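Below you'll find the structure, written out as structure tokens, and then a few comments.
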Amino acid sequence: MPKKFYVTTPIYYPSGNLHIGHAYTTTLADILKRYKDMQGFETFFLTGSDEHGQKIEQKANEAGLSPMEYLEEKVESFKTLWKALKIDYTKFIRTTDSYHEETVQKIFTMLLEKGFIYEGNYEGLYCVSCEEFLNADQIDENNMCKISNTKLELVKEETYFLKTSLFQDFMENEVLANEFLIPAYRRNEMLNSFVKPELKDLSVTRTSFSWGIPIKENPKHVAYVWLDALTNYITALGYLQNDDSNFKKFWEDENTEILQLAGKEIIRFHSIYWPIILKSLDLRQPTHLLGHGWILSKDTKMSKSLGNVIDPIEMINNYGADALRFYIGYELPTEKDGNFTDELFIESFNAHLANNIGNLISRTNQMITKYFDGFVDTTDVQYDKELTEKGIQTVSQYIKNMDEYKISDAIRNILDLGNACNKYIEEKTPWNLAKEENFSELKNVMATLQRNITIMTYLLKPILVENYEDMIEQIGLKDFELSFEKIINWNEIVFKKLGDKKIIFKRVN
Ligand code: ME8
């Protein structure tokens with residue numbers, strides 16, 4: 001039985017266009033999914049759109065459209081972006097899909113029958129932009145939401161509550177006491193800000209607007225958008241549906257590695273309410289929730305509601321999908337907030353993709369072509385010991401980091417190897433070896449470079465998906481299937497005569 005990996009992104013609100021922040025989470029998920037594919041896992045990668053709620057209803061009204069008309073075009077634009085960014089998702093869920101709506105109704109009924117949901121009245125301040133009832137800590141001195149910086153609504157209505165208060169002990173001593181939420185410091189944030197002060201029952205239906213999934217038992221109520229949204233992670237797999245084979249495989253099986261990604265502003269929903277919903281349904285918990293920081297623009301969160309966004313399509317048109325995927329993977333580690341500006345982007349592109357990787361491949365290709373007519377016969381080659389060891393070490397460090405979802409650290413391992421190769425060229429001065437006609441040493445040098453560039457290229461495969469084939473061709477492995485096993489043990493690798501030299505990452509000025 002192959003190992004299994006299920007990875008999810010948040011489903012994004014089509015209340016505006018997606019920006020670099022959304023591209024960030026989705027690209028991280030895509031890189032990890034492709035890495036697990038390379039490791040022989042059976043994978044399922046879910047993304048989608050969160051289409052109900054007051055905010056979407058308001059946006060559609062403003063545009064003079066019905067919600068469905070408004071949504072069609074937005075959802076198309078999501079898919080266009082994911083295609084341009086080479087996102088290899090398995091399924092795209094829309095919360096307006098009928099299978100999802102029907103399953104949410106069934107889930108509500110189950111929770112009501114099990115006694116986890118009861119009727120009552122709610123009064124409190126609501127942020128439409130975050131679709132969230134706020135507590136005092138989340139409101140600033142001007143009575144605005146601290147996250148979206150928008151005005152709050154006073155909501156006073158009948159509602160159904162989920163008895164989250166029953167799960168105080170479960171949250172403190174199970175969910176937030178183990179490795180589920182990463183990085184670890186986020187567990188304390190959740191415990192101290194939301195769980196320990198007291199878990200209040202969560203309002204899970206609304207009556208003051210209608211754009212949502214009506215509940216069967218009392219159709220003037222629609223399901224709260226977060227109950228509707230969180231459950232997408234299991235409805236998409238077929239939970240409570242005729243064909244639930246994916247649900248059995250990717251959720252129920254305790255051996256499946258389930259990774260959920262979310263930005264820090266919604267960790268609360270994913271690390272408190274979602275585990276409680278799952279527990280109430282008697283379902284297993286995800287293996288990990290990776291809560292990541294924000295991409296900032298001039299020190300504040302880049303966001304649709306603030307309008308300070310960078311359009312990923314523009315970046316892709318200017319620099320290519322790989323350049324954006326690389327910046328996201330390398331320059332924006334998940335543990336902290338990061339910056340995104342054109343200047344930083346270009347600087348990083350030139351330093352790493354153009355100077356380190358691109359230049360290394362191109363100069364090595366040039367030398368092998370010039371000195372050996374494009375083919376190095378490795379029969380009696382002696383690989384450089386130090387660089388060969390570094391190459392092997394790089395693979396194991398990379399695997400360890402990727403297994404811990406530390407993409408940026410894994411890329412750093414590759415770049416270090418690239419720097420070592422470039423340094424090796426300067427030290428060995430192959431052009432002098434050629435002048436001296438020391439062809440046996442020259443061959444050792446070229447073979448050592450070819451070997452380590454092959455390793456680097458394979459490790460970059462989940463990130464540089466657009467250029468991978470060209471890179472592989474330039475190193476002399478056109479159409480050759482590499483694997484971790486092959487690059488570690490260095491067997492079965494047969495080089496062909498080099499492909500034509502192509503500039504892969506051209507410096508940007
Ligand atoms: O919250 N930096 O949708 P949303 C990093 N529908 N990541 C960012 C970001 C930024 N500046 N801006 C957005 C919702 N993101 C709900 C989710 S899930 C059951 C329901 C990313 O459109 C990040 O992943 O507001 C964040 O959590 C998500 O987009 C919010 O997207």
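Note that ligands are numbered from 1 as they come in the structure, with each ligand's atoms numbered from 1 the same way. This structure is a prediction, so every number in the text was calculated from the model and none was measured.
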Original post:
With ring centroids as reference points, do H292 and Y24 lie under 6.0 angstrom apart?
Top reply: yes
One should read off an interatomic distance between T43 OG1 and F250 CZ, to the nearest 0.5 angstrom, of 6.5 Å
Would you say the ring centroid of W274 lies under 6.0 angstrom from that of Y233?
yes
So ring pair (Phe, Tyr, Trp, His ring centres under 6.0 Å) across residues 138-166, not counting sequence neighbours, yields F108-Y160, Y118-F161, Y160-H221
Output block, N or O contacts of ligand 1, threshold 3.5 Å exclusive:
| residue | atom | partner | partner atom | Å |
| --- | --- | --- | --- | --- |
| ligand 1 | 2 (N) | I295 | N | 2.7 |
| ligand 1 | 6 (N) | I11 | O | 2.8 |
| ligand 1 | 6 (N) | D50 | OD2 | 2.7 |
| ligand 1 | 7 (N) | G21 | O | 3.3 |
| ligand 1 | 11 (N) | I295 | O | 3.1 |
| ligand 1 | 11 (N) | M302 | O | 2.8 |
| ligand 1 | 22 (O) | Y13 | N | 2.9 |
| ligand 1 | 22 (O) | K304 | NZ | 2.7 |
| ligand 1 | 24 (O) | T25 | OG1 | 2.7 |
| ligand 1 | 24 (O) | G263 | N | 3.4 |
| ligand 1 | 27 (O) | G263 | N | 2.9 |
| ligand 1 | 27 (O) | E265 | OE2 | 2.9 |

Quick note, salt bridge (charged side-chain N to carboxylate O under 4.0 Å, His left out) partners involving residues 232-256, not counting sequence neighbours, are K4-D253, E42-K249, D244-K248
Across all chains, not counting sequence neighbours, the ring-ring contact (aromatic ring centres under 6.0 Å, His included) partners of F41 are none
